[in-house]
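A quick write-up on the structure given underneath.
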Amino acid sequence: MKFSQANLEKVIRTVKEAGLPITDIKVGPQGEIDVRCGPHEPADEFDATDMRR
């Protein structure tokens, strides 16, 4: 598959809509797109509080 800007934009939009933070994107020589996602960043101090205690 050939790489296209439109495909990359679709991948980025889909990952963001899923609520995942993108930490790295690599495009391979055959057009493959590798997206790495990191941990969810807390929105505020309350969100960061671990309520499981």
Side-chain angles (χ1 to χ4, degrees):
M1 174 163 111
K2 184 178 176 188
F3 168 78
S4 74
Q5 183 71 27
N7 287 343
L8 180 60
E9 290 172 359
K10 287 178 191 176
V11 169
I12 292 171
R13 184 173 47 252
T14 301
V15 172
K16 286 186 175 185
E17 286 174 0
L20 301 171
I22 298 172
T23 59
D24 189 35
I25 298 176
K26 293 181 183 175
V27 178
Q30 301 300 317
E32 64 271 19
I33 301 171
D34 181 21
V35 179
R36 303 292 172 144
C37 300
H40 169 71
E41 295 295 323
D44 56 28
E45 188 175 318
F46 180 77
D47 193 25
T49 304
D50 185 356
M51 301 301 280
R52 294 176 287 180
R53 294 184 227 164

*List the atom of Lys26, the atom of Asp24, and the distance in Å for their closest heavy-atom pair.*
CE-OD2, 3.1 Å
*asked:* Measuring from atom CD of Gln5 to atom CD of Glu9, what distance do you get when rounded to the nearest 0.5 angstrom?
replied: 4.5 Å
_Which residues pass the side-chain contact (heavy atoms from CB on, under 4.5 Å) test with Ile25, not counting sequence neighbours?_
Leu8, Ile12, Ile22, Ile33, Val35
*With Ser4 via side-chain hydrogen bond (donor to acceptor under 3.5 Å, both in side chains) - residues at least two apart*: Asn7
*Minimum heavy-atom distance between Val15 and Cys37, given as atom pair plus value*: CG1-SG, 3.8 Å
*Go through the structure and list residues passing side-chain hydrogen bond (donor to acceptor under 3.5 Å, both in side chains) with Asp34, not counting sequence neighbours.*
Arg36
